[in-house]
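This report refers to the structure that appears directly beneath it.
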Amino acid sequence: MDKPYFSVPAATVLTLLAAAMWGSWMQVVKHRKSYPITGIVFLLYSFSLVLVWGVTLVLAPVLLPAGIISATTANPAVVAEILLGGAMMSMGLFISLQVMGKVGLLLFTAISGAVGNILGILTSLMKEGLSDSPYALPLVLGCTAIFIAAAFTCNYAAALRDQDRRSSAAQAGKGPITAKIVLLMLLSAFLTNGWSIGTASGTASGFPPVLTCAYMATGSFLSVFLTCGVIFTRKKQWRQVLCVGSSKQPLLLGAVSAFCHYGGNLISIYAMPVLSATLSFLFGRTSNVWTYLWGLFYGEFAGSRRKTMLILSFGIFLYIAGTLLLAVFNYNG
């Protein structure tokens, strides 16, 4: 099958739309009340599996005329790597949600986020190489540095916001930063890089994008099902997680989060062959902008000093500047 074709501008817009969806899905956590966060993760990847394979089966006659089985058996090594990437990514997210509650968003981003950015770029470059353009390497390195600086700046603004409120609530329950916590942050960054491993493997080999996403979703579900299944069984939480005899709102939250998370993955992966995995990864970093925009919408920065808002604005400006730099000097376009 030929790779799906979009113009570079269309692929860029689609990838930025996917980033907006990624930056929005975690807002469901604010509405979970007493529902366990592990339950949200479980529902997220359960609904994602149904969503992505549903789309794949419906569109297979058009996108996969040779058939799903034929495409799979012709590329067993690629499929295995994509499955592994999906499994790693979901476990990275699972660990990050646990660690973030202990150390806070600022420190977590400072270590795990920066390491994750570097790993993602290196993985994409190793899988597909670098463009022949003389601007390719400076573009990738420069935009990576800009996005890391943007993340630090925005999270510094979040720390100042907490100081402005003179509240210790943001630090409640956070213990000392031990070697174990640091190792968990690094492990989270390593595992989350499964996104780049899986998607770059599919893109570099010419594997059908819709199947790349389907096998990513399969790997994600299997790893979460095994991990959360043990937790739910040990804590006897299955009835609570499946909303037996209680409000079904968590099921809706899980479905919404799946649509944003893996729906965004599907859009991004399908546009990726046009941009390259490397540029797609960089465009995807703009998901953090939406996290902060949602924070503004929910009033999380209400009452902050002018200095705090200026720093936050500068961080968002850096994300926009990096995105424009990528769009203008797109070395694949």
Side-chain angles (χ1 to χ4, degrees), residues 22-23 25-30 32 35-45 48 83-124 144 147-152 154-156 158-159 162 168-199 216 219-235 237 241 257 261-262 265 281 284-285 287-288 291-292 295:
W22 294 334
W25 81 260
M26 203 174 289
Q27 302 307 311
V28 302
V29 174
K30 294 183 173 70
R32 67 185 178 91
Y35 190 79
I37 187 67
T38 50
I40 291 293
V41 174
F42 175 76
L43 293 178
L44 161 65
Y45 288 110
S48 292
L83 286 168
L84 175 63
M88 290 174 61
M89 180 187 69
S90 59
M91 282 296 94
L93 173 65
F94 180 83
I95 293 174
S96 69
L97 289 174
Q98 311 303 315
V99 177
M100 203 178 296
K102 297 180 179 179
V103 303
L105 182 63
L106 179 61
L107 182 59
F108 181 84
T109 301
I111 297 179
S112 183
V115 173
N117 279 333
I118 295 171
L119 285 176
I121 289 298
L122 290 177
T123 299
S124 298
T144 300
F147 287 139
I148 289 176
F152 272 89
C154 287
N155 284 285
Y156 178 55
D162 295 335
S168 61
Q171 298 301 321
K174 297 180 176 64
I177 308 304
T178 63
K180 178 182 177 181
I181 293 296
V182 173
L183 288 175
L184 284 174
M185 285 192 282
L186 294 176
L187 176 61
S188 171
F190 171 76
L191 291 174
T192 304
N193 190 48
W195 160 258
S196 295
I197 292 174
T199 56
M216 284 281 290
S220 293
F221 170 76
L222 290 175
S223 63
V224 166
F225 177 78
L226 292 174
T227 302
C228 292
V230 172
I231 295 173
F232 300 153
T233 301
R234 180 170 57 85
K235 294 185 176 182
Q237 288 182 318
V241 168
S257 62
H261 182 29
Y262 251 100
N265 287 354
F281 177 84
R285 297 309 89 202
S287 62
N288 291 334
T291 299
Y292 284 98

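Below, all heavy atoms of this structure are taken into account, side chains as well, without hydrogens, waters or symmetry copies.
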Value for CD1 (I40) from CE (M26), rounded to nearest 0.5 Å, stands at 11.0 Å
Correct closest heavy-atom pair for S220 and M89 would be OG-CE, 3.6 Å
Those residues at least two apart in sequence (or on a different chain) that pass side-chain contact (heavy atoms from CB on, under 4.5 Å) with F281 are N117, I121, S124, W195, S196, R285
Check: How about T192 and L93: do any of their side-chain heavy atoms sit closer than 4.5 Å?
Finding: no
By side-chain contact (heavy atoms from CB on, under 4.5 Å), I118 pairs with (sequence neighbours left out) L122, I148
Across all chains, not counting sequence neighbours, the side chain to side chain donor-acceptor pair (under 3.5 Å) partners of W22 are N265
d(S287 OG, W25 CH2) to nearest 0.5 Å is 11.5 Å
When rounded to the nearest 0.5 Å, the distance separating OG1 of T227 from CD1 of I95 is 8.5 Å
Sequence neighbours excluded, the answer for side chain to side chain donor-acceptor pair (under 3.5 Å) partners of K235 is none
For Y45, the ring-ring contact (aromatic ring centres under 6.0 Å, His included) test, sequence neighbours excluded, returns H261
With sequence neighbours left out, the residues meeting ring-ring contact (aromatic ring centres under 6.0 Å, His included) with F232 are F42, W238
Are L84 and I197 side-chain neighbours, meaning at least one heavy-atom pair lies under 4.5 Å?
no
**Report entry** Side chain to side chain, N155 and Y292, heavy atoms closer than 4.5 Å
**Finding:** yes
Is the closest side-chain heavy-atom distance between I231 and F94 below 4.5 Å? yes
Applying side chain to side chain donor-acceptor pair (under 3.5 Å) to S257 and not counting sequence neighbours gives none
Here the gap from L191 atom CG to M91 atom CE, rounded to the nearest 0.5 Å, amounts to 8.5 Å
query = For G229, does its backbone N or O pair with a side-chain atom of T233 as donor and acceptor, under 3.5 Å?
reply = yes
N193 (side chain) donor-acceptor with G116 (main chain) under 3.5 angstrom: no
Across all chains, not counting sequence neighbours, the side chain to side chain donor-acceptor pair (under 3.5 Å) partners of S90 are S223
Tightest non-hydrogen contact, residues M88 and G194, listed as CB-CA, 3.9 Å
